[in-house]
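The first residue of the sequence shown is numbered 1, and numbering continues consecutively from there. Computed from a predicted model, the values in this text were never measured in an experiment.
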Amino acid sequence: MEEGYESFKMEYRIFTKEGALRWVDERTFIQRDAEGNATLLQGVVIDITERKVAEEALAKAEQLRKKEINHRIRNNLQIVSSLLGLQAEKFSDEKVVEAFRESENRIVSMSLIHEELYESGDLDYLDFSSYIRKLIADLLRSYNVGSSEIRLHLDVDRVVLGVDTVIALGILIN
């Protein structure tokens, strides 16, 4: 009121006298005198419980939909990766086999992202440090790198990034 607003709106929860929890939308209008002092508050409180319940149900359905899509993408990427691996076994030319291995590793890097998203439950953001550790371990295993040939030291703090950024960084690391 001191900041000169003419109205305000708030959504909050209340308990009825029977003890039921309800969501309400309060809309209040402030009448002022010539000097700008508040003289009257006039408002209405609207029960919006059904809307809030519907919004929560919609959000849960959306989260489940995203999770299912992520799961399907991950499975499809793993199938493509396996097919590339099987196909590579049919060639003896080392350059061709290497090209298949690189393609397979790129697919695996994307698959790992979807696996991390699926396991975390947050389908929009990802802990990049956890992902990078899994990706590098998978790359080292894929290229049959022994511990004597390459020493790896990761000093990565926990960083949460958006999925699009993680995909781009995963491909670069790969």
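No donor-acceptor distance shorter than 3.5 angstrom exists from the side chain of Ser81 to the backbone of Leu77, with no hydrogens or angles considered. Although no hydrogens or angles enter the test, the distance criterion places no donor-acceptor pair under 3.5 Å between the side chain of Thr28 and the main chain of Ser7.
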Q) Given Leu86 and Glu89, is the side chain to side chain contact (heavy atoms under 4.5 Å, CB included) satisfied, shown in steps? A) CA-CA 5 Å; Leu86 289 171; Glu89 292 175 5; 4.2 Å; yes
Q) Do Glu11 and Lys52 pass the side chain to side chain contact (heavy atoms under 4.5 Å, CB included) test, and can you show the C-alpha distance, the side-chain angles, and the key distance before you say yes or no? A) CA-CA 10 Å; Glu11 289 183 3; Lys52 284 292 193 178; 3.0 Å; yes
Q: Take Ile113 and Leu126 through the side chain to side chain contact (heavy atoms under 4.5 Å, CB included) test and state the conclusion after the steps.
A: CA-CA 8 Å; Ile113 290 169; Leu126 190 66; 4.0 Å; yes
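Of all non-hydrogen atoms in Phe91 and Val97, the two that sit nearest each other are O-CG2, 3.4 Å. Heavy-atom minimum distance, Val45 versus Val24: CG1-CB, 3.5 Å. Between Gly170 and Tyr131, the shortest heavy-atom contact is CA-OH, 3.4 Å.
Within a 6.0 Å radius of CZ in Arg32, more than 12 heavy atoms belonging to other residues, nucleotides or ligands are found. Crowding of Glu18 atom CD: a count of heavy atoms from other residues, nucleotides or ligands under 6.0 Å exceeding 12. Within 6.0 Å of the OH atom in Tyr125, the count of heavy atoms belonging to other residues, nucleotides or ligands does not exceed 12.
Residue Leu135 is grouped with residue Val156 when hydrophobic side chains (ILVMFWY) are merged at heavy-atom distances under 4.5 angstrom, including chains of intermediate members. Residue Leu154 is grouped with residue Leu169 when hydrophobic side chains (ILVMFWY) are merged at heavy-atom distances under 4.5 angstrom, including chains of intermediate members. Using a 4.5 Å cut-off between side-chain heavy atoms of Ile, Leu, Val, Met, Phe, Trp and Tyr, with links allowed through other members, Ile173 and Ile171 fall into the same hydrophobic cluster. Clustering ILVMFWY residues whenever any of their side-chain heavy atoms sit less than 4.5 angstrom apart, transitively, puts Ile107 in the very cluster that holds Val96. Note on Val44 and Leu41: separate hydrophobic clusters, where clusters join Ile, Leu, Val, Met, Phe, Trp and Tyr whose side-chain heavy atoms are under 4.5 Å apart, directly or indirectly.
A heavy-atom distance below 4.5 Å is found between the side chains of Phe8 and Glu26. Here the side chains of Phe29 and Glu6 are not in contact, with every heavy-atom distance at 4.5 Å or above. Counting heavy atoms from C-beta on, the side chains of Glu50 and Val53 never come closer than 4.5 Å. Asp25 is listed as a side-chain neighbour of Arg27, based on a closest heavy-atom distance under 4.5 Å. Side chains of Lys67 and Glu62 form no contact here, defined as non-hydrogen atoms less than 4.5 Å apart. Considering only heavy atoms from C-beta on, Gln42 comes within 4.5 Å of Gln31 through its side chain.
Electrostatic pairing of Glu68 and Arg65 does not count as a salt bridge here, judged by no charged N lying under 4.0 Å from a carboxylate O. Ion pair Glu55/Lys60 not flagged as a salt bridge, since none of the NZ, NE, NH1 or NH2 atoms sits closer than 4.0 Å to an Asp/Glu carboxylate oxygen. Ion pair Arg101/Glu98 flagged as a salt bridge, since at least one NZ, NE, NH1 or NH2 atom sits closer than 4.0 Å to an Asp/Glu carboxylate oxygen.
Between Ser129 and Arg158, the side chains place no donor N or O within less than 3.5 Å of an acceptor N or O (distance only, hydrogens not considered).
With rounding to the nearest 0.5 Å, the separation of OG1 in Thr49 from CG in Leu21 is 7.5 Å. Put simply, CD1 on Ile30 and OH on Tyr5 are 10.0 Å apart, with the number rounded to the nearest 0.5 Å. Between Gln78 atom CD and Ser111 atom OG the span is 4.0 Å, to the nearest 0.5 Å. Taking CG from Asp33 and CG from Leu40, the interatomic distance works out to 11.5 Å, rounded to the nearest 0.5 Å. The structure places CG of Leu161 at 12.0 Å from CD1 of Ile167, a figure rounded to the nearest 0.5 Å. Of the inter-residue distances, the one linking Trp23 atom CH2 with Glu56 atom CD reads 7.0 Å to the nearest 0.5 angstrom.
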